[in-house]
Each structure stands twice: as structure tokens, then as C-alpha cells.
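Below is one structure, written out as C-alpha cells, with a few remarks after it.
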Amino acid sequence: MRIYNSYTNALETFIPHHQNQVSIYVCGPTVYNYIHIGNARPVIFFDVVRRYFESKGYTVRFASNFTDVDDKIIAKAKEEGVSETAVSNRYIEAFLADLERLGCKTDYWKPRVTECMPSIIAFIADLVEKEFAYVVDGDVFFRVSRIESYGKLSNRKIDELLSGARIDVNEKKESPLDFVLWKRTGEGVRWESPFSVGRPGWHTECVTMIDNLFGEEIDIHGGGMDLLFPHHENEIAQSIACHQHRLARYWMHNGWMNIDGEKMSKSLGNFVLVKDLKVDPKGFRMFLLATHYRGPINYSEEGLEGYHKEWQRLEKSVSALHRALDLQSALDPTALPVLPEIQTALADFDEAMENDFNTANALTALNQLWKIVNQFARQKSDLSGMNQALNAMNRMLSVLGLEVRQTPLTLDEKDLFSRWEAARKNKDFAAADSLRQQLTERNLL
RNA sequence: GGACCCAUAGCCAAGUGGCAAGGCAAGGGACUGCAACUCCCUGACCGUUGGUUCAAAUCCGACUGGGUCCUCCA
């Protein structure tokens with residue numbers, strides 16, 4: 001397995017810290033709004049990463065947080081006259097509903113900032129104690145100058161950052177690069193701390209959550225490319241300061257979703273919400289996976305529509321094969337794929353995934369197999385080959401999170417099929433057409 | 001102002017030194033009682049321009065066009 005590590009800017013062989021185990025942490029959403037389809041990119045991609053590792057027999061420990069303390073949440077709560085908790089709960093629920101819709105697994109660790117406050121405060125206190133942070137007037141800042149390797153992840157030099165025209169000038173900071181760990185406040189949701197009554201800044205939560213959940217440097221830390229700087233850079237700085245390790249062995253960052261050639265973002269207002277998608281979410285999932293995760297994706301309705309159709313055809317093909325086997329009572333989920341062309345497709349699939357999760361090429365392998373599935377579904381005679389093709393296809397689909405629902409036919413449905421078959425044989429086309437109509441109405445053709 | 005990324009067929013998109021994957025769309029053929037589904041066949045001087053090399057889409061330089069980061073963003 002080779003993974004492009006953003007920390008070293010190179011493809012590296014993936015070696016997990018513990019054999020046959022992978023620990024993954026992905027920066028999750030700030031829950032003040034519904035997620036848009038650009039936000040869905042890391043969600044879907046890392047779900048596939050997880051699924052691939054699991055399919056290879058790894059035990060995957062997967063965590064992704066909810067940022068439920070944030071200025072935007074406070075603003076929203078104020079605007080609506082409700083509590084911050086009411087706002088964040090609503091959007092956490094919506095987020096999980098979107099995950100389901102998108103075919104993502106939801107059984108992973110979902111720490112919330114509000115539930116980690118004691119450890120966040122303790123962590124900041126520790127940084128202050130070790131003089132990696134300083135308190136000014138109830139605010140706490142991280143002293144970036146103490147971290148020699150600061151800028152390594154995002155390829156930035158300290159003096160370049162210092163000369164950057166857009167860095168906020170804050171009188172209290174020793175250096176403009178220092179970032180807020182704790183903010184004293186009299187407004188909104190807030191906690192008691194040794195520094196002041198206030199709330200945490202946004203770079204500390206992931207570090208303490210990772211420490212709480214995993215207790216050590218994790219294997220993979222993921223998120224969107226826009227988190228590279230300053231968020232992940234700051235996480236690393238804190239981790240080095242407190243734990244003397246860089247938080248994660250491999251850093252993975254996904255590219256943007258563009259719309260009309262521009263980055264889709266909440267601040268630009270040019271987004272499409274997941275819940276408003278007009279196509280089958282699985283089609284959207286294919287659309288996303290058709291591009292390598294580090295490249296940009298340009299959103300267009302036409303492009304999406306294409307994958308929507310492709311997904312529907314795929315669904316049809318797979319269920320047709322399943323049905324053909326079911327009608328002959330010959331389903332065998334244990335049949336191992338031994339036919340060379342099926343093995344080739346499976347090998348190509350794995351090779352693509354092993355190469356920095358090249359899902360675009362994995363889909364090409366899926367296309368190879370798809371053709372084979374169609375051939376078998378049409379011939380309906382080689383039961384062994386049919387089962388092999390179906391099982392191989394299901395393996396790929398489950399890795400990509402594109403499972404096709406395959407429900408066994410009822411006796412009634414089987415009867416319809418045999419009557420249709422008989423009518424066609426007897427050239428009773430009126431009856432055949434009517435039976436075909438019924439099958440179509442039941443979505444069985 | 002500083003740092004950086006991208007440019008491959010009508011569209012989407014792999015490939016990152018050794019004769020340019022795949023999909024969609026389009027055209028032709030096959031299968032079918034008629035359909036649908038499906039199967040087979042057909043497509044590229046890799047943005048422009050210099051250079052390095054036996055060999056470049058792939059490396060280096062310039063240019064053009066698009067985009068990103070340096071501030072919240074996945």
C-alpha cells in the first residue's frame with residue numbers, strides 16, 4: 001500500500017504502527033449548517049479508505065469529531081433564540097442522516113468538543129506549564145516560535161508567514177503567528193478554566209481527542225486540503241509540544257469540489273447541499289470516486305447526471321445477475337472467483353486501491369468486471385461463473401460503498417417469471433407483454 | 001506582495017521518462033416476437049513554445065489560460 005503523505009509530499013509505503021490495525025482520524029464538520037457536497041468529499045473518501053482496509057482484514061479504529069463549539073454556532077443560536085446545543089444537535093442529526101444517504105458507515109467514534117472540555121483545558125494548562133503557551137488577560141496563545149519545525153506540513157517558512165500581508169494583528173500576541181488556544185468570553189456557551197471563563201480555540205480539539213481515543217501517534221490523519229494550514233500545522237505544533245510526536249504518521253488531504261471553476265465553499269455561497277441532491281446519492285458517490293481524491297472535481301449537473309444513470313445501470317445489472325441465480329435457486333455466496341478474467345479484474349481493483357487509493361482506476365476495474373457480470377447475466381447458464389462474477393462484484397461494491405440491494409425473490413415473483421417465460425415460449429405475446437408489464441412495475445426487469 | 005496547483009478526445013478522467021487506461025455521448029453491427037437491457041466494432045499530433053534525453057503527456061525554462069493558500073472553510 002502506497003499513500004501520498006502530505007507531511008513529506010511523497011508517496012510512501014504504508015506501514016501501520018500496529019500490525020493489522022489502522023487508526024484513522026478525520027476532521028469532522030462544524031455543526032452550524034447542513035453539509036454541502038464539497039464537504040461530503042472527505043466523508044465519502046475516508047469511508048472508502050476505511051472500507052478498503054477492513055476488506056483487507058485490518059482492524060480499523062476510525063474517529064471523526066463534531067466541532068460543536070464555535071463562533072458560528074453561537075451566532076446561529078443567538079439568531080434563532082435557542083441554545084448552542086439545540087443548534088449543534090440539529091446539525092449533527094442532519095449530518096448523520098446525510099451519511100446514511102451517501103452510503104457511509106456511521107459506526108465510528110464521534111467525539112464532541114463539549115464532551116472533551118476537561119481534557120482540552122488540561123491540555124492547554126499543560127502547554128502553559130511547559131511554556132509553549134502564554135496567558136494574556138484570560139486569553140491563551142500558543143507560542144509558535146517554540147516549535148522549530150513549524151511550517152513543515154504546509155511547506156511554509158516562518159518569515160514568509162510573517163511577511164504575509166493578511167495576518168491578523170493582535171496586540172496581545174507575542175507574534176502574529178501565535179494562535180488562540182483559549183478565548184475569554186462573557187457571551188455564549190463557556191466554561192470555567194484556570195485561565196478565565198471562556199471557550200477553546202479551534203486547533204486544540206483534534207489533538208486532545210486523538211490523545212483521548214488513541215493515546216498515541218495515529219496512523220492516518222485526514223481532511224480537506226484547506227485544513228493543511230493553519231489547522232493541521234497548529235495541531236502538529238501542539239502535539240510536538242505536549243506529546244513529542246507529530247500526531248499522525250501519514251497525513252492525507254483531499255482536493256476541492258469546484259463549481260463553475262471556483263472552489264465550492266460556504267463563505268462564497270456557491271454550494272449545493274447534500275440533502276438537496278437531485279440525483280441518487282450513490283450516483284453522486286460514483287461521481288466523486290471517479291476522480292482521484294487529491295485532484296479537484298468540477299461539479300456540474302450534466303456530469304452528475306451521467307453518473308446517476310451509470311449507477312442505475314449498474315444497479316440493474318447486478319440485480320439482474322442476482323435474480324438469474326435466484327430463479328434457478330443457485331445463489332452461492334461462498335463461490336470463490338477463480339476464472340482468470342474475474343481474478344484479473346479483482347487484482348486490478350486492488351492494485352488501484354493500493355496505489356494511494358486510486359478510486360478512478362478502481363472504477364475502471366469495476367467496469368471490466370461489470371462487463372463480465374452482464375455477459376453472465378445474459379447467458380444464465382454457467383452457474384459457477386455467475387456466482388463468481390456476482391461475488392467479485394459485491395466485493396468491489398462493498399469497498400466503494402456502492403452496495404446494490406439484492407433481495408431474494410418471493411414465490412409469487414418467481415411464479416410471474418415462469419409464467420412470462422412460458423407465455424413467450426408459446427408465442428402468446430399478449431400474455432407475455434402483460435406479464436412483462438407487471439414485472440416492470442415491480443421493478444424486477 | 002509572497003507561496004503553490006492545474007491544463008490529456010465533444011464531455012468526465014487515468015497515466016508522472018519507453019508505442020496515450022476507462023467511462024459518457026456519437027456512429028456502425030449483433031441479440032430480441034416487438035422492446036428494454038446487454039454484447040462487439042469505430043475516436044487523441046496530451047494548452048503554446050524553447051530545452052534536457054537514444055526516448056517526454058510525463059523532467060527543466062518561458063508564455064497563455066484557469067484555480068488555490070497566506071483569514072473561517074472539507
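Only heavy atoms go into these numbers, but all of them, side chains included; no hydrogens, no water, no symmetry mates. A, B, ... follow the sequence lines: proteins, then strands. Residue 1 opens every chain.
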Any side-chain N or O of Lys371(A) under 4.0 Å from OP1/OP2 of G23(B)?
-> yes

Would you say U38(B) has OP1 or OP2 under 4.0 Å from some side-chain N or O of Arg313(A)?
-> yes

Start at the 5' end of RNA chain B and walk down; is the nucleotide closest to Tyr293(A) or to Leu363(A) reached first?
-> Tyr293(A)

Hey, mind stepping through Arg199(A) and Asp70(A) against salt bridge (Lys or Arg N to Asp or Glu O under 4.0 Å) and telling me if it holds?
-> CA-CA 9 Å; Arg199(A) 59 177 187 268; Asp70(A) 177 270; over 6 Å; no

Start with the C-alpha distance between Arg146(A) and Asp178(A), add both sets of side-chain angles, then the distance that settles salt bridge (Lys or Arg N to Asp or Glu O under 4.0 Å), and finish with yes or no.
-> CA-CA 10 Å; Arg146(A) 284 286 311 274; Asp178(A) 294 350; over 6 Å; no

How far, in whole Å, is U71(B) from C24(B) if one measures between their C1' atoms?
-> 40 Å

For nucleotides C46(B) and G17(B), find the distance between their C1' atoms and express it as a whole number of Å.
-> 15 Å

Should Lys266(A) be listed as having a side-chain N or O under 4.0 Å from OP1 or OP2 of A74(B)?
-> yes

Return no unless some side-chain N or O of Asn374(A) is found under 4.0 Å from OP1 or OP2 of C39(B).
-> yes

Of all of residues 300-312 of chain A, which get a heavy atom below 4.0 angstrom from RNA chain B, listed by number?
-> Tyr307(A), Glu310(A)

Please produce a list of atom pairs where a protein N or O lies less than 3.5 Å from an N or O of nucleotides 30-35 of chain B.
residue, atom, partner, partner atom, Å
C31(B), O2', Arg378(A), NH2, 3.1
C31(B), O2, Arg378(A), NH2, 3.1
G33(B), N1, Asp433(A), OD1, 2.9
G33(B), N2, Asp433(A), OD2, 3.2
C34(B), N3, Arg436(A), NH1, 3.1
C34(B), N3, Arg436(A), NH2, 3.4
C34(B), N4, Arg436(A), NH1, 2.7
A35(B), N1, Arg436(A), NH1, 3.1
A35(B), N3, Arg436(A), NH1, 3.1

Ignoring hydrogens and angles, answer whether the base of C73(B) and the side-chain atoms of Lys263(A) contain a donor-acceptor pair closer than 3.5 Å.
-> yes

Please work out if Gly295(A) contacts a base, only the sugar-phosphate, or nothing of the nucleic acid, heavy-atom cut-off 4.0 Å.
-> nothing

Would you please say whether a donor-acceptor pair under 3.5 Å links the side chains of Thr114(A) and Arg112(A)?
-> no

Quantified in whole Å, what is the C1' atom distance between nucleotide U64(B) and nucleotide A25(B)?
-> 30 Å

Looking across every strand, which nucleic acid part, if any, lies under 4.0 Å from His292(A) by heavy atom: base, sugar-phosphate, or nothing?
-> sugar-phosphate

